[in-house]
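Here the structure comes first, spelled out in structure tokens, and everything after it is commentary.
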Protein chains: 2
Amino acid sequence: MTHPLLPMAGEPAPERADAARNREAILAAALHLVRTRGVGCVTMDTVAAEAGVGKGTLFRRFESREGLMAAVLNESETAWQASVISGPPPLGPGAPPLERLLAFGHSRLRTNVTHAALIKAATGTSAARSRAAASFAVMHVRHLLGELGVGGDLLLLAIAVLAPLDVVVVEQQQADDISLERIEAGWDDLVRRVVGG
Amino acid sequence: MTHPLLPMAGEPAPERADAARNREAILAAALHLVRTRGVGCVTMDTVAAEAGVGKGTLFRRFESREGLMAAVLNESETAWQASVISGPPPLGPGAPPLERLLAFGHSRLRTNVTHAALIKAATGTSAARSRAAASFAVMHVRHLLGELGVGGDLLLLAIAVLAPLDVVVVEQQQADDISLERIEAGWDDLVRRVVGG
DNA sequence: AGGCTAAACGGACCACGGTCCGCTTCTATT
DNA sequence: AATAGAAGCGGACCGTGGTCCGTTTAGCCT
């Protein structure tokens with residue numbers, strides 16, 4: 001008796017062909033429905049129907065509604081991350097650190113506003129995927145703060161600088177009739193104070 | 001033919017006796033259940049049953065589950081606000097502004113951690129009641145920043161300073177094994193940079 | 001007291017997220 | 001090609017938040 005596929009710990013387990021096909025179909029269906037109807041009107045049953053699969057399949061591939069939305073969001077998010085890592089300055093590398101930091105904040109702010117609904121749908125309890133996105137931003141800001149010669153607990157400082165850009169914080173401000181320009185200016189001010197300009 | 005209660009605009013409309021009684025009963029039941037079972041295990045049906053009213057009554061008095069939780073939270077929140085406004089220093093008046101500000105942050109941080117579950121249940125889309133609570137904090141910080149002679153857009157600065165204390169931000173940090181002491185120290189650092197120490 | 005009206009009540013009902021488990025299909029092995 | 005068994009599938013089912021509307025009741029007026 002031989003072990004057909006002796007399961008060594010840590011093996012990623014390959015994906016079956018039909019599973020991959022379904023994952024594609026689901027993601028495509030979700031993306032389409034989100035684009036046409038808006039996030040709020042997309043139910044799991046609808047996505048399942050549109051993708052031509054059972055509901056159970058949705059929940060096996062993507063853990064929850066939140067997980068599915070996170071996967072949809074990922075499409076645009078990775079593109080954004082790429083432009084931060086290797087795009088043109090001042091967002092990408094090549095500009096002085098302070099300029100990069102400010103550009104980063106502005107870009108993040110705009111992104112959060114435009115994708116607000118989707119981000120909120122993808123962020124919540126747990127949210128493994130969005131954890132990664134947030135982590136990327138923190139790492140980047142921490143790095144830029146370091147380049148700027150800021151001392152102290154850079155991780156905490158990065159988190160603090162990022163916090164006011166959070167979707168719900170920004171939405172609250174917009175609800176209070178605070179313009180985007182003012183929010184942006186306020187954040188610039190905060191950053192300058194933190195880096196000690 | 002006389003208008004029994006001619007409805008002038010802005011009249012608050014008095015509350016019927018049974019309505020008041022039910023409101024009390026619901027709030028008491030909710031508070032009790034939250035205390036004994038924890039927020040997550042309290043369903044609207046359960047509260048309705050415990051209070052001896054129909055489910056519809058719950059939703060008429062308190063707009064949603066979120067609204068009910070906000071009402072429950074209010075009990076402790078108002079007490080906290082009172083201690084900020086008129087309690088002993090350094091949280092209350094009497095201490096120098098910077099000390100007050102730091103004390104305020106620490107107190108808010110602790111409160112957010114201890115009541116995390118309830119606050120998250122009470123905060124979300126809409127959340128008229130929690131809007132007020134957040135507003136109070138912003139106003140207070142804005143005031144203290146003013147006393148400290150900080151220039152610029154104080155409202156935005158206050159929001160920015162408060163943002164890192166938000167429940168979900170703090171929980172995320174705790175999930176990353178960052179201790180409360182470190183969070184507190186990080187926040188102190190942020191504040192000192194903002195006020196220009 | 002009796003009657004009238006608006007407010008309040010309550011529980012049947014609905015939609016949606018999430019689970020479960022018996023059935024199907026893929027793939028590795030011979 | 002046949003086979004075994006794991007991986008995947010799907011849709012009936014459940015709990016919960018939220019709505020709706022026929023019925024009840026409090027409060028005022030005579």
Side-chain angles (χ1 to χ4, degrees), chain A residues 1-7 11-26 29-30 33-34 37-71 120-122 124-127, chain B residues 1-7 11-26 29-30 33-34 37-72 120-127:
Chain A
M1 175 232 209
T2 64
H3 285 190
L5 240 172
L6 84 158
E11 276 300 317
E15 190 179 36
R16 236 167 68 171
D18 53 346
R21 231 178 307 123
N22 278 337
R23 129 120 91 268
E24 289 293 317
I26 292 169
L33 287 173
V34 165
R37 301 196 193 178
V39 189
C41 296
V42 176
T43 77
M44 296 303 262
D45 295 83
T46 314
V47 175
E50 172 104 0
V53 303
K55 211 210 290 208
T57 305
L58 255 69
F59 283 93
R60 189 156 349 85
R61 291 271 88 92
F62 312 90
E63 186 125 320
S64 57
R65 183 192 146 92
E66 200 178 301
L68 177 57
M69 293 311 174
K120 280 202 300 184
T125 51
S126 74
Chain B
M1 178 232 207
T2 64
H3 285 192
L5 241 172
L6 85 156
E11 275 299 319
E15 190 179 35
R16 237 167 67 173
D18 54 347
R21 229 180 308 124
N22 278 337
R23 130 119 90 271
E24 289 292 318
I26 293 168
L33 287 172
V34 165
R37 300 196 194 179
V39 188
C41 297
V42 175
T43 77
M44 294 304 261
D45 295 83
T46 314
V47 174
E50 172 104 1
V53 302
K55 212 212 285 209
T57 305
L58 255 69
F59 283 93
R60 193 162 339 90
R61 292 269 86 86
F62 312 89
E63 185 123 322
S64 57
R65 183 193 147 92
E66 201 179 300
L68 177 57
M69 292 312 174
V72 170
K120 280 203 299 184
T123 309
T125 52
S126 75

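Lettering follows sequence order; numbering is per chain, from 1. Only heavy atoms go into these numbers, but all of them, side chains included; no hydrogens, no water, no symmetry mates. Computed from a predicted structure; not experimentally measured.
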Test side chain to side chain donor-acceptor pair (under 3.5 Å) applied to [X] - qualifying residues, sequence neighbours left out:
X     : value
B:R16 : B:D18
A:R65 : none
B:E50 : B:H32

For the atom pair CZ (A:R23) and CZ (A:R60), what is the distance rounded to the nearest 0.5 Å?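 One finds 11.5 Å between CZ of A:R23 and CZ of A:R60.
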Inset, instruction - Report the distance from atom OG1 of B:T46 to atom CE of B:M44, rounding to the nearest 0.5 Å. - result: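 That separation rounds to 10.0 Å.
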- prompt: From the list C:dA8, D:dG8, C:dT27, which nucleotide is the closest neighbour of the side chain of B:R61?
  reply: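 It is C:dA8.
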**Heavy-atom closest pair, residues B:R61 and B:A19** =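 What the structure gives for the nearest pair is NH1-CB, 3.2 Å.
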Do you know the tightest heavy-atom contact between B:F62 and B:I26?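 Closest pair (atom of B:F62, atom of B:I26, distance): CE1-CG2, 3.5 Å.
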Legend entry - 5' precedence on DNA chain D between B:A17 and A:A19 (nearest-nucleotide basis):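 Per heavy-atom nearest nucleotide, the more 5' residue is A:A19.
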Q) Could you give the CG-to-C1' distance, from B:D18 to D:dT24, as a whole number of Å? A)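 Value for this atom pair: 10 Å.
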Taking 4.0 Å as the cut-off, does a side-chain nitrogen or oxygen of B:R21 come that near to OP1 or OP2 on C:dA8?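 Answer no for this pair, as no side-chain N or O of B:R21 is under 4.0 Å from OP1 or OP2.
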Q | Any B:K120 side-chain heavy atom under 4.5 Å of B:V39 side chain | A |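 Side chain of B:K120 against side chain of B:V39, heavy atoms only: no contact under 4.5 Å found.
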Letter by letter from the 5' end, nucleotides 10-22 of chain D scores (B base, S sugar-phosphate only, - none; protein heavy atoms under 4.0 Å) BB----SBBB---
Shorter than 3.5 Å, N or O on both sides, protein versus nucleotides 5-7 of chain C: list them out with atom names.
| from | atom 1 | to | atom 2 | distance (Å) |
| --- | --- | --- | --- | --- |
| C:dA7 | N3 | B:R16 | NH1 | 2.9 |

